[in-house]
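None of the values given here were measured: they were computed from a predicted structure. Every number for a ligand or one of its atoms is a count from 1 in the order of the listing.
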Amino acid sequence: MCGVIGYTGDGRRDAAAILLRGLHRLEYRGYDSAGIAVHADGGIVTRKLAGRVPDLQELLALQPLHGVSGIAHTRWATHGAPTSRNAHPHMDCDERIAVVHNGIIENADTLRRALEGCGHTFRTDTDTETLAHLIEDSPGETVEARVIAALEHVVGTYGLAVMSADEPGKIVAARQGSPLLLGIGDGEYFVASDASAIIEYTRSVVHLDDGDIAVLTPQGYHIFDRESHVQLRPVDDVTWDLESIELGGYSHFMQKEIFEQADTVRSTLRGRLVFEEGVARLNGLNLTPEDCDGIDRITIVACGTSWHSGLVGRQIIESLAQIPVAVEYASEYRYRRPLAARNTLTIAISQSGETADTLQAMRAARAAGSRVVGIVNVVGSTIARESDGGIYLHAGPEIGVASTKAFTSQIVTLALLGVYLGHQRGLLPLAARQEFLCRLAQLPTLVARVLALEPDVRRLAEEFVHARNALYLGRGVNFPVALEGALKLKEISYIHAEGYPAAEMKHGPIALIDEEMPVVFLAPHDEVYTKVVSNMQEVRARGGRIIAITTEGNGDLGTLVEHQLRVPATAPLLSPVLTVIPLQLLAYHIAVLRGCDVDRPRNLAKSVTVE
Ligand code: AGP
């Protein structure tokens with residue numbers, strides 16, 4: 001949830017400048033405090049504060065730092081309030097060791113008591129400071145030897161970078177549970193939580209595995225395991241470019257990513273639609289026809305927006321492949337000792353590919369005998385590397401904390417998987433497959449038409465900007481869209497909102513309805529449309545203010561609703577790809593009008609790498 005970066009070079013570049021630029025790129029991972037340390041003046045010099053990276057930049061303008069190697073951090077607080085004192089880097093007693101860390105040291109309290117017992121003085125309330133004192137207390141000629149010795153005592157997760165005043169130019173990195181990669185340059189080396197921090201300097205990255213210890217110097221890098229055995233790791237090439245992590249003229253990444261969806265849906269489909277044979281080509285899935293035949297049931301594990309796409313995926317897969325699908329909150333599933341069986345396929349859905357609960361749920365399913373596949377956006381992420389097969393979204397980097405383009409690409413990917421399994425199990429006749437693939441192929445054009453509704457949505461936002469609550473209602477595949485619409489509004493505008501199955505409203509939430517309550521109905525023309533209209537009448541009868549997302553050409557909602565937005569018709573199972581977009585835009589514009597920090601909503605972070 002924090003962003004970690006480290007750099008060492010041959011002096012051609014200033015480490016402080018590189019570290020600061022990297023922190024700007026990593027800020028979506030956590031943004032309540034930030035800090036930097038460089039080797040300078042024969043020791044280690046640090047600057048840190050509570051606040052955003054631009055605040056640290058201002059501090060550095062007043063108190064400049066320069067050096068050839070250093071480490072830096074942007075924080076999402078877990079242990080210790082987001083104050084300047086608790087900001088990283090953390091130092092040992094003599095300020096000769098500096099540490100930045102992403103993760104949680106679960107036995108920090110025990111270690112702290114032991115270290116305080118033998119004379120160490122702590123300055124902060126963080127778990128991370130324990131590491132600095134532990135390294136200080138550990139034997140070894142080199143900082144990497146002391147790091148290895150210290151980590152023997154640590155229980156928890158970490159992606160960390162360490163530097164010692166005694167070995168200028170050397171950065172030591174270690175990974176256990178939190179993402180960390182190396183950047184390989186020409187005479188310079190980087191360590192970072194993800195590639196966005198270093199892509200402007202190199203595209204060559206090495207993903208570290210759990211248990212890896214890396215040593216970077218201007219002369220090169222080495223990777224060891226805890227027994228100091230050399231580890232060889234492949235050098236991968238980052239496929240996306242710097243432009244994709246720039247705003248490109250938009251006001252916010254969320255806005256940019258909403259408007260990228262015609263292209264991102266197209267890129268998710270690229271090379272995967274084989275019309276003649278009516279098949280979906282999913283080469284990375286690693287599922288043979290026999291494997292597909294042998295699947296008795298599917299379990300989807302995910303969190304947040306990815307869980308919502310899983311709910312849509314359930315309906316699509318059950319309909320196209322007739323396999324029962326359970327959709328589980330990963331955080332609950334992992335502690336339930338899953339009863340997965342050999343013939344259960346577990347699908348882990350995650351944009352970042354690093355969400356700790358989803359990763360652990362996937363590992364729990366595998367331990368229970370299930371085959372696991374990942375539906376992931378970030379190439380080379382842990383879930384992608386640990387699953388038996390998978391499907392990449394190819395939606396490009398998603399920087400806005402509120403997930404948007406990943407959601408629509410996840411649904412399209414699950415639809416491709418539904419066709420794939422339906423075909424492999426011989427359940428979906430050629431014509432039906434070809435028809436569905438055609439509908440998929442039309443989606444990018446239809447998405448572009450929905451995006452043209454933005455001016456209407458902005459006007460709606462102006463009307464509901466002062467709402468204190470909101471209710472989102474839908475049926476069938478659009479019930480999860482109601483959940484997603486409510487989540488978007490909650491997470492970026494801080495308005496309390498709930499999503500519900502429209503029929504469920506009568507069993508309680510209808511008590512909330514009054515003249516103040518905006519009620520957003522998902523009402524595309526599908527098999528449950530008339531039922532949704534009856535639910536609208538129940539809300540109308542109690543004075544609720546109805547906004548309806550319905551299908552182009554639908555003229556019969558008349559006075560029943562206050563506002564309606566019409567999206568193009570498509571296959572009913574695919575309608576969520578279109579109906580969700582006005583809800584993304586509505587949340588976006590309400591948040592902008594309320595002056596909220598849309599890309600960095602309070603208390604949130606883009607990739608939840610701790611439990
Ligand atoms: C969605 O807008 C949120 N950022 C959050 O709910 C997110 O979907 C969740 O943390 C799962 O992330 P993942 O897809 O990267 O695993």
Side-chain angles (χ1 to χ4, degrees), residues 1 27-31 76 178-179 193-194 196 252-255 257-258 261 264 268 300-313 327-334 346-363 372 374-384 386-387 390-393 395-411 413-414 472 480-481 483-494 497 499 580-581 583-588 591 596-611:
M1 307 244 336
E27 207 182 21
Y28 69 104
R29 303 178 66 88
Y31 32 86
W76 191 91
S178 299
S193 297
D194 70 53
S196 65
H252 300 96
F253 282 106
M254 183 182 180
Q255 184 190 32
E257 288 150 10
I258 291 173
Q261 291 179 101
T264 50
T268 302
I300 293 177
V301 292
C303 304
T305 289
S306 296
W307 185 75
H308 294 154
S309 70
L311 292 172
V312 176
V327 184
E328 304 277 357
Y329 277 121
S331 54
E332 292 297 313
Y333 176 85
R334 61 173 298 189
T346 300
I347 302 174
I349 305 178
S350 175
Q351 186 287 128
S352 62
E354 301 292 356
T355 300
D357 285 321
T358 307
L359 179 60
Q360 294 304 337
M362 185 177 99
R363 290 173 176 165
V372 293
I375 292 183
V376 170
N377 192 36
V378 177
V379 174
S381 57
T382 310
I383 290 176
E386 287 198 13
S387 41
I391 311 169
Y392 279 126
L393 301 184
E398 189 176 67
I399 307 290
V401 168
S403 185
T404 52
K405 62 178 181 176
F407 181 68
T408 46
S409 281
Q410 284 164 348
I411 294 171
T413 302
L414 288 156
Y472 291 73
V481 178
L483 293 173
E484 180 58 11
L487 176 63
K488 291 284 96 77
L489 189 69
K490 272 184 277 205
E491 64 182 328
I492 62 171
S493 76
Y494 318 139
V580 74
I581 296 173
L583 307 190
Q584 296 169 342
L585 287 167
L586 184 63
Y588 171 74
C596 301
D597 188 337
V598 170
D599 282 341
R600 310 265 183 283
R602 70 186 184 201
N603 304 342
L604 285 177
K606 182 66 183 172
S607 172
V608 184
T609 54
V610 294
E611 273 192 69

Trainee: Can you name the residues that come within less than 4.0 Å of ligand 1, going by heavy atoms only?
Mentor: C303, G304, T305, S306, S350, Q351, S352, T355, V401, A402, S403, K488, E491, V608
Trainee: Which class fits the ring pair Y588 and H252: parallel under 30°, tilted 30 to 60°, perpendicular over 60°?
Mentor: perpendicular
Trainee: Do S409 and T268 have side-chain atoms, one donor and one acceptor, less than 3.5 Å apart?
Mentor: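 Judged by distance alone, the side chains do pair up.
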Trainee: Is K405 salt-bridged to E398, going by a charged N under 4.0 Å from an acidic O?
Mentor: no
Trainee: Could you list the residues that satisfy side chain to side chain contact (heavy atoms under 4.5 Å, CB included) with A591, not counting sequence neighbours?
Mentor: I492, S493, C596, V598
Trainee: Distance only, no hydrogens: is a donor on one side chain within 3.5 Å (strictly under) of an acceptor on the other, for Q360 and E611?
Mentor: no
Trainee: When you measure from the side chain of D357 to the backbone N and O of A330, does any donor-acceptor pair fall under 3.5 Å?
Mentor: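 Not confirmed, D357 side chain does not pair with A330 backbone.
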